[in-house]
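One is the number of the first residue; the rest follow in order along the sequence.
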Amino acid sequence: MAKSPEEEHPQKAFGWAARDTSGILSPFRFSRRENADDDVTIKVLYCGVCHSDVHSVKNEWGFTNYPIVPGHEIVGVVTKAGKNVEKFKVGDRVGVGVIVGSCMKCETCDQDLENYCPRTIFTYNSLNHDRTKTYGGYSDMVVVHHRYVLRFPDNLALDAGAPLLCAGITVYSPMKYYGMTEPGKHLGVAGLGGLGHVAVKIGKAFGLKVTVISSSPGKEDEAVKRLGADSFLLSSDPAKLKAAMGTMDYIIDTVSAVHSLAPLIGLLKLNGKLVTVGLPDKPLELPIFPLVLGRKLVGGSDIGGMKETQEMLDFCAKHNITSDIELIRMDYINTAMERIAKSDVRYRFVIDVGNSLTQ
């Protein structure tokens, strides 16, 4: 007979979980494994709320295994380190992002691309090597193999830095891989949300000219005055869209709703690159003629490996890049998720786990 979540492992843990497709979260008692020789135990202080959490708690992607404790933008302090752990010690500031495991021996793992490993273990709604479930950061503590723990720079705010563990690496990795970092080049950022606003900041830090592409006219002041974009393009205005055709070297598409790619491809110069990181729940149409006639590229990207994620954190610390956040208590999470679904957040909710998670 299967053990209950509270009896599965020796260490008692507490968090908030969704138990069905309503997506409503409530207090949840479960357990974590003992800290093994290669493990780090972390007291969770803050956890960002990603749009993926909203999709997952409602089973909108079709593979949620309830009960589910979301949260993959975890920041805290080390409370225990196994005897084989050399990088971390008790008291260190650390982070845990989207993944907590992989096979560690395939070609992609050898290349520090653990996020593309066929046996990647996600921080929540996944299975550990021992086939027990993973539970995320909407909880008081986590136990993670040290390979998947990140050093959090001293000058990076723990709360506003937490979303970088997902949003930050999601935009940083494709910009590096696809060569979208040449100073003076023109970057378009489609969508100004949790991913897009970080993409603007990282793009400016690389020395790019940055244009925010959005269908919401009310976001122009935020894009230019608050976030530092060079310009704003209203994608719902056909005249402005036409005038901007063929002006951009790169576009990073962060839009998670179903949308047309044709206008974005049209904005690219010859040899331009469009990289999509949003995850619409239905396929998008891809027009081939403008790709062929303009020698343009359309690509995708999924977070980054551990080495690159650490590089991203260090880069953001160097350039004073954090997410714009709204700090919330744990018991506000259901309201926060309703607001995320309505795009009513500027630009990321972060749960003050350390000060608001009470049993």
Lys43, NZ atom: more than 12 neighbouring heavy atoms under 6.0 Å
no
Can a donor-acceptor pair be found, under 3.5 Å and without considering hydrogens, that links the side chain of Arg339 to the backbone of Asp344?
yes
Just checking Lys307: does its NZ atom have more than 12 heavy atoms from other residues, nucleotides or ligands closer to it than 6.0 angstrom?
no
Any sub-3.5 Å donor-acceptor pair from Asn155's side-chain atoms to Ala317's backbone N or O?
yes
Can you say whether the rings of Tyr135 and Phe30 are parallel (under 30°), tilted (30 to 60°) or perpendicular (over 60°)?
tilted
Arg295 atom CZ, neighbour heavy-atom count above 12 within 6.0 Å:
no
Looking at Asp237 and Lys242, is there a salt bridge between them, counting it only when a charged N and a carboxylate O are closer than 4.0 Å?
no
Ion pair check, Lys269 and Asp249, cut-off under 4.0 Å:
yes
Is there a path of hydrophobic side-chain contacts, each under 4.5 Å between heavy atoms, that joins Leu165 and Val54?
yes
Should Lys80 and Asp39 be marked as a salt bridge (charged side-chain N to carboxylate O under 4.0 Å, His left out) after you check the CA-CA gap, both sets of side-chain angles, and the distance that decides it?
CA-CA 8 Å; Lys80 190 179 295 185; Asp39 286 340; over 6 Å; no
Count the heavy atoms of every other residue, nucleotide or ligand shown that sit under 6.0 Å from OH of Tyr177, and state whether that count exceeds 12.
no
Short side-chain donor-acceptor distance under 3.5 Å, Thr120 and Ser102:
no
Decide if atom CZ of Arg33 counts as having more than 12 heavy atoms of other residues, nucleotides or ligands within a radius under 6.0 Å.
yes
